[in-house]
*Asks:* 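Could you have a look at this structure, given as structure tokens, before my questions?
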Amino acid sequence: MRLQEGSFSAKFLSMMSHSSSLGSTHPWIKELKSEERGLYLIHLLLTCANHVASCNLENANASLEQISMLASPNGDTMQRIAAYFTEALADRILKTWPGLHKALNSTRMVMVSEEILVQKLFFELFPFLKVAFVLTNQAIVEAMEGEKMIHIIDLNAAEPAQWIALLQVLSSRPEGPPHLRITGVNSKKEVLDQIAHRLIEEAEKLDIPFQFNPVVSKLENLDLDKLRVKTGEALAISSILQLHTFLASNDETMKRKSPLSLKSPNGTHLQRFQPINQTTLGDLLAKDMVNKYTKSPDSTSSSSPASSNTSNSMNMENFLNALWSLSPKVMVVTEQDSNHNGATLMERLLEALYSYAALFDCLESTVSRNSLERIRVEKMLFGEEIKNIIACEGLERKERHEKLDKWFMRFDLAGFANVPLSYFGRLQARRFLQSYGCEGYRMREENGCAVVCWQDRSLFSISAWRTRK
């Protein structure tokens with residue numbers, strides 16, 4: 001729907017001149033159309049983020065109050081995403097009072113069963129992991145052609161469906177099935193127990209020699225000896241949404257403390273708003289992003305005690321070197337294809353608005369707004385990721401998603417060479433996306449890798465690598 005320029009401009013001018021007092025004194029707020037309300041929420045979020053970054057707590061509080069009157073975790077897409085970004089900004093403010101923040105979160109508990117449930121819901125509601133499984137399995141099958149002893153290390157063993165599908169493919173090899181061993185790494189023993197049961201049961205049905213080696217560990221504390229890599233085995237490694245967590249310990253950019261502040265040429269915090277033709281929240285954001293930036297101090301960027309000590313965590317370079325030393329025939333990596341690792345709050349907030357807008361749009365297009373499953377994924381998964389990106393610094397900020405080109409540089413420096421995904425693998429993945437029943441999902445090829453998108457927004461990348469001697 002195209003907004004009428006005259007009527008919207010008048011309303012917007014009214015918003016700007018009365019933005020300090022919403023509610024009953026301005027009943028026009030309740031009459032805003034979805035697009036108009038979305039634009040206004042974006043303006044308020046960006047303004048609030050500037051106040052938070054410059055530690056102007058009085059103005060930040062006023063902005064949060066305004067946003068809370070319009071945002072809702074049960075509303076339209078922009079209302080829902082605004083609710084979680086508001087919570088993240090508020091949490092960042094609270095972290096400047098560590099005692100208060102700890103007291104308010106002292107009884108907060110997340111049950112293991114809830115974490116397992118929300119991961120399963122993400123797998124079921126989106127096609128991203130299924131596409132990653134298809135491409136990973138095909139890359140492994142091609143790399144392991146003719147091998148009789150295969151060992152796969154799954155750095156995020158959470159879903160048995162991937163390896164059940166691989167077992168079925170390997171069982172039909174003309175030369176007969178190989179002896180297969182899968183080492184699954186997960187911090188939750190319950191998850192590994194469930195996977196072991198399912199895979200052993202499937203292997204027995206297919207009459208495939210099979211072993212499952214569970215390793216209960218967080219990835220950053222992983223003892224490589226427990227992977228039990230043996231001479232004579234052909235090794236494959238699968239990493240799905242894991243490697244970015246190592247960036248917390250060695251990302252030099254987290255030391256920079258100058259966020260971008262949104263200012264007009266006269267120094268006031270303003271945004272340019274224009275009439276738009278919006279079909280998705282991603283379109284809305286694309287039409288209403290920042291035109292000019294100037295730097296301002298970020299007094300909260302070093303508020304986390306974790307930012308002062310990185311010596312106890314394995315960094316990216318060490319971990320990739322350790323994987324290289326295992327000499328895998330193929331390593332397939334799936335990561336979020338987003339730039340959420342900027343040095344400043346405003347950089348991260350803008351990029352996160354783009355990518356999470358696309359994810360929330362995915363659900364808006366495929367799932368009912370009242371769906372309990374949708375609310376759980378938005379709150380327990382996306383909401384927590386947004387909070388980590390916006391509110392946390394130092395080692396505490398684990399959700400440091402980066403674009404594919406940066407992963408290329410890291411893998412190259414670590415001694416890995418890219419293995420282009422095969423035409424057949426990409427064809428299988430495209431067919432799966434086409435069968436998913438939603439036109440918004442797309443896949444493109446980029447430097448021999450696959451990037452899965454919502455509309456034109458890239459969200460996840462899948463790439464394959466081998467050791468370069």
Side-chain angles (χ1 to χ4, degrees), residues 30 32 34-35 37-38 40-42 44-45 48 64-92 94 104-105 107-130 158-159 188 190-191 241 278-282 284-285 336 338 340 349 352-392 398-399 401 436-438 440-441 452 454-455 457 459-460:
K30 296 179 180 179
L32 289 177
S34 177
E35 296 92 336
R37 183 176 57 228
Y40 192 34
L41 277 168
I42 291 172
L44 290 172
L45 281 170
C48 181
L64 290 172
E65 185 177 5
Q66 293 171 6
I67 298 169
S68 298
M69 292 181 182
L70 296 174
S72 169
N74 301 308
D76 62 29
T77 311
M78 190 61 224
Q79 286 179 301
R80 296 167 95 103
I81 198 170
Y84 293 110
F85 274 84
T86 304
E87 184 179 7
L89 287 168
D91 196 63
R92 187 178 177 98
L94 283 175
L104 288 173
N105 290 276
T107 59
R108 184 170 178 262
M109 291 186 296
V110 179
M111 303 295 290
V112 171
S113 58
E114 290 178 339
E115 290 184 346
I116 295 172
L117 172 62
V118 76
Q119 292 295 334
K120 286 189 176 296
L121 288 174
F122 178 73
F123 174 75
E124 293 168 2
L125 295 178
F126 294 91
F128 304 119
L129 293 184
K130 299 183 184 76
E159 176 53 59
K188 303 176 184 67
E190 300 93 323
V191 174
L241 309 183
Q278 180 226 308
T279 55
T280 69
L281 180 55
L284 187 153
L285 283 165
Q336 293 92 337
S338 301
H340 296 156
L349 183 130
L353 272 174
Y354 266 122
S355 50
Y356 285 97
L359 289 167
F360 276 66
D361 270 338
C362 294
L363 290 175
E364 180 74 6
S365 301
T366 56
V367 186
S368 162
R369 286 183 182 176
N370 297 324
S371 164
L372 182 59
E373 289 80 8
R374 173 179 174 178
I375 293 171
R376 278 179 169 155
V377 169
E378 289 176 343
K379 179 175 178 58
M380 297 172 62
L381 184 59
F382 297 153
E384 290 302 307
E385 288 180 358
I386 290 167
K387 190 183 295 183
N388 189 265
I389 292 166
I390 301 301
C392 299
K398 295 292 188 182
E399 301 300 336
H401 313 142
Y436 202 71
C438 183
Y441 290 111
V452 188
W454 173 254
Q455 305 296 352
R457 183 69 182 179
L459 292 173
F460 294 88

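Residue indices begin at 1 and follow the sequence shown.
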*Asks:* Between atom CD of E159 and atom CG of L129, what is the distance when rounded to the nearest 0.5 Å?
*Replies:* 8.5 Å
*Asks:* Provide the full list of salt bridge (charged side-chain N to carboxylate O under 4.0 Å, His left out) pairs with a residue in residues 80-89, sequence neighbours left out, each pair given once.
*Replies:* R80-E378, E87-K387
*Asks:* Can you see which heavy atom on A358 is nearest to which on W454, and at what distance?
*Replies:* O-CD1, 3.6 Å
*Asks:* Do you know which two heavy atoms are closest between A88 and A391, and how far apart they sit?
*Replies:* O-CB, 3.5 Å
*Asks:* Can you tell me how far the CG atom of L459 sits from the OH atom of Y354, to the nearest 0.5 Å?
*Replies:* 13.5 Å
*Asks:* Report yes if the side chains of L363 and F382 come closer than 4.5 Å at any heavy-atom pair, otherwise no.
*Replies:* yes
*Asks:* List in chain and number order the residues that pass salt bridge (charged side-chain N to carboxylate O under 4.0 Å, His left out) with K379, two or more places apart in sequence or in another chain; answer none if no residue qualifies.
*Replies:* none
*Asks:* Show the nearest heavy-atom pair for residues I389 and E399, with the distance to one decimal.
*Replies:* CG1-O, 3.5 Å
*Asks:* Taking side chain as C-beta onward, heavy atoms only, is I386 less than 4.5 Å from F85?
*Replies:* yes
*Asks:* Applying side chain to side chain contact (heavy atoms under 4.5 Å, CB included), name anything that partners L381, two or more places apart in sequence or on another chain.
*Replies:* V118, Q119, F122, V377, E385
*Asks:* Run the side chain to side chain donor-acceptor pair (under 3.5 Å) test against S72 and tell me which residues pass, sequence neighbours left out.
*Replies:* none
*Asks:* So which heavy atom on N370 is nearest to which on I375, and how close?
*Replies:* O-CD1, 4.4 Å
*Asks:* How close do A158 and V191 get, heavy atom to heavy atom, and via which atoms?
*Replies:* CA-CG1, 3.9 Å
*Asks:* Report the residues that fulfil side chain to side chain donor-acceptor pair (under 3.5 Å) with D91, sequence neighbours left out, ordered by chain and then residue number.
*Replies:* H101
*Asks:* What residues form a side chain to side chain donor-acceptor pair (under 3.5 Å) with K188, not counting sequence neighbours?
*Replies:* E115
*Asks:* So F128 and L241, do their side chains get closer than 4.5 Å, heavy atoms only?
*Replies:* no
*Asks:* Determine, for D361 against R457, whether the closest basic-nitrogen to carboxylate-oxygen distance falls under 4.0 angstrom.
*Replies:* no
*Asks:* Any side-chain heavy atom of Y441 sitting closer than 4.5 Å to one from S365?
*Replies:* no
*Asks:* Would you mind reporting whether L45 and L89 have side-chain heavy atoms less than 4.5 Å apart?
*Replies:* yes
*Asks:* Could you work out, with salt bridge (charged side-chain N to carboxylate O under 4.0 Å, His left out) as the rule, every residue matching E373, not counting sequence neighbours?
*Replies:* none
*Asks:* Using 0.5 Å steps for rounding, measure from the OG1 atom of T86 to the CD1 atom of I390.
*Replies:* 11.0 Å
*Asks:* Does the side chain of L117 reach to within under 4.5 Å of the side chain of R376, using non-hydrogen atoms?
*Replies:* yes
*Asks:* So, taking the atom named CZ in R374 and the one named SG in C362, what distance separates them when rounded to the nearest 0.5 Å?
*Replies:* 10.5 Å
*Asks:* List for me each residue that meets side chain to side chain contact (heavy atoms under 4.5 Å, CB included) alongside A83, sequence neighbours excluded, and say none if there are none.
*Replies:* A71, P73
*Asks:* Under the ring pair (Phe, Tyr, Trp, His ring centres under 6.0 Å) test, which residues partner Y84, sequence neighbours left out?
*Replies:* none
*Asks:* With the side chain counted from C-beta on, respond yes when H340 and Y356 share a heavy-atom pair under 4.5 Å apart, and no when they do not.
*Replies:* yes
*Asks:* Please find the pair of heavy atoms, one from K398 and one from N388, that lie closest to each other, and give the distance.
*Replies:* N-OD1, 2.8 Å
*Asks:* Would you find a donor on one side and an acceptor on the other, under 3.5 Å apart, between the side chain of R37 and the backbone of L70?
*Replies:* no
